[in-house]
Amino acid sequence: MNRYLKPTGRRAVASTENTENQENQQDSPHRLIESRLEKMEELGKSVELYPYSFDRTHTSVQAREAEKELLESEAKVRFPGRIMTKRGTGKTIFVPISDEWGTLQAYFRKDDLGVERFDLIKRLIDIGDWIGVEGKLFLTRTGELTVHVENFTFLSKAIRPLPEKFHDMSLENKSRNRHLDLAMNVESRERFKKRSAMVSAIRAFYAEEEFLEVETPVLQPLYGGATARPFKTHHNALDMTLYMRIADELYLKRLIVGGLERVYEIAKDFRNEGMDRTHNPEFTMLECYAAYWDYEDMMNHTERLIRKLATQFGDEGKLTYGELEMDFNQPFARIRFMDALQEKTGQDLMKLDDSQVADLAKNKGITLKKGMGRDKILDELFSELVEPELIQPTFVMDHPKELSPLAKSHRTAEGLVERFELFVAGFELANSFSELNDPREQRRRFLAQKALIDAGDDEAQPIDEDFLQAMEQGMPPTGGMGMGIDRLIMLLTDSNNIRDVLLFPHMRPLSPQEAQK
RNA sequence: GCGCCACUAGCUCAAUUGGCAGAGCAACUGACUCUUAAUCAGUAGGUUCGGGGUUCGAUUCCCUGGUGGCGUACCA
């Protein structure tokens, strides 16, 4: 395998088995690249291969929008882009050129350009090269808007070929080679531009609601704010272990203690867990905290946010996700965690003792692992029985306490906390609570987590003394909410795999060698 | 983690019960002055993911390793 045309996908494994007898071939480029390098050599004699800029008058979309005036005025346009294909008919060549927004066709004619210039286009300029064309627009016999090229500027050479254009690339190939996916697929470009617009819309919403955008550390001496395994790293100068954040929560709450009353952050979190259709090791999280709010206020806030996004990016406040249709125009359903379980099991689970709950779970086909507490089992039951049916936007409220070490106890219901999760299309989109702000209670919850760690739970949260001290300084009543942005984008773009909404999703290395780099 | 399935030319895919490894696009040579998956004639391109085994013979069957897809577990 040579270094010039690395196969994409799984075949590169073969390269790890290179032995001496193949080393001689290492410097011989792949035939497809060889041909392009030769053309490049020759092309370089007539044109500058890598010029510095190009003055554009119109993008592909602007040219189409101004089509009528441009055809009438016969004004020249200057249009740059990438050559997507070439259709030659002897002494003319049609060349569709793509820019970020679409494609505009260019028409090269031997009589207009002369033998030598025409020959450059015909022989030396390849699909994938960048070029700027200049000329008047006209409509072809079939009505396609086309630049009649009077002059062209070579802009950059592609020595690797583009993928074939009639068939979709595999998800793996797209994910590993995003530049090719973007180059070949307008839908892909549109999807990522949509993601950007959605994140901007979220920021605009937070500005409207008078939240301050802040940034908190990624590298932390202690992780917390969620139940998850962290990534561990090392700071050389300080010779200390650092963790990459699993949640923003504890730092944001310190800002509330400091008197910043409404803060939010949109940032990457990192969790050292499995990868699948809906999980990437690094993912984008929105977290917000508001002083003087409780979870009711936060529920209303969350509903406003989601409805705004559904209105802006959906079809009249409705979204389609695969086979599912969701309507965000009505007030979101609100159900209590225990009520939903009671409806599914026919029993009031608050009245059952621990062993009765365990038996019930077993009857429902849930495999119990040792160390699973009562509340954990309830959570499993909920995931199994209730979650799959939560298609329309639904707030699930008032969860068991053990699973929520940072949430405030429910003001009336014993054993529960003031918490809600928002479910849409079976996804858990948001998680929120009235934030615990009693430092004595918080310390007890941490100690309970510590006991779980000592018992071997590697996802429980360690005691964060700095956070506790901040809270001891006095934290106002606060509502907090977290939302997985990638999943939200999946929902809003009807994407089935998280890799479709991440520009560079984490991929397994192709070979053990590459893994070591 | 676990289970099922897949991996063949640069890309997307074929190959009958185990019997000469093929097509389209891309590439190369040539023809063609409004094409649009341009067309036509020709050429070249392969360690069938790696390693091992069964067999006269393996893309095909078995074992093993890798990567991916889907499902499942943990989670957002």
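Keep in mind the model is a prediction, meaning the values are calculated, not measured. Quick note on labels: first sequence line is chain A, next is B, and so on, each numbered from 1.
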Problem - Heavy-atom donor-acceptor pair, Asp126(A) side-chain to A27(B) base, under 3.5 Å - result: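 Not at all, since no donor on one side and acceptor on the other fall under 3.5 Å apart.
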Exercise for the section: Report yes if the side chains of Ser434(A) and Arg419(A) come closer than 4.5 Å at any heavy-atom pair, otherwise no. Expected result: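 Result no, sub-4.5 Å side-chain heavy-atom pair not found.
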Fill in the blank from the handout: ring-ring contact (aromatic ring centres under 6.0 Å, His included) with His301(A): of Tyr289(A), Phe211(A), Phe420(A), Tyr264(A), only one passes, and it is Phe211(A)
Within the 4.0 Å heavy-atom criterion, would you say [X] contacts the bases, only the backbone, or no part of the nucleic acid?
| X | answer |
| --- | --- |
| Arg36(A) | nothing |
| Gly88(A) | base |
| Lys110(A) | nothing |
| Glu144(A) | base |
| Thr140(A) | base |
| Phe138(A) | base |
| Asp276(A) | base |
| Gly484(A) | nothing |

Practice task
In whole angstrom, give the distance that lies between atom CZ of Arg123(A) and atom C1' of A31(B).
Solution key: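 My rounded result for the distance is 17 Å.
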Exercise for the section: Give the rounded distance in Å between these two atoms: NZ of Lys39(A) and P of A26(B). Expected result: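 Answer to the nearest Å: 12 Å.
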Fill in the blank from the handout: Side-chain atoms of Lys376(A) come closest, of A38(B), A9(B), C74(B), to C74(B)
Contacts under 3.5 angstrom, residues 393-400 of chain A side chains, donor-acceptor by atom type, not counting sequence neighbours:
from      : atom 1 : to        : atom 2 : distance (Å)
Thr394(A) : OG1    : Gln392(A) : O      : 2.7
Asp398(A) : OD1    : Tyr295(A) : OH     : 2.7
Asp398(A) : OD1    : His410(A) : NE2    : 3.4
Asp398(A) : OD2    : His410(A) : NE2    : 3.3
His399(A) : NE2    : Glu421(A) : OE1    : 2.8

Practice task
Using only heavy-atom distances, determine whether the side chains of Thr216(A) and Asp248(A) contain a donor-acceptor pair under 3.5 Å.
Solution key: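 No, no side-chain donor-acceptor contact under 3.5 Å.
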Problem - Phosphate OP1/OP2 of C70(B): any Arg277(A) side-chain N/O under 4.0 Å - result: no
Completion exercise
Intra- and inter-strand pairing of RNA chain B, written as dot-bracket with Watson-Crick and G-U pairs under 3.5 Å and | for the latter, reads (((((((..((((.....[..)))).(((((.......))))).....(((((..]....))))))))))))....
Practice task
Check the angle between the aromatic planes of Phe138(A) and Tyr107(A) and answer parallel, tilted or perpendicular using the 30° and 60° thresholds.
Solution key: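 Because their plane-to-plane angle lies in the 30° to 60° range, the rings of Phe138(A) and Tyr107(A) count as tilted.
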Exercise for the section: May I ask you to say whether Arg229(A) pairs ionically with Glu273(A), meaning some side-chain N is under 4.0 Å from a carboxylate O? Expected result: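 Salt bridge between Arg229(A) and Glu273(A), a charged N being under 4.0 Å from a carboxylate O: no.
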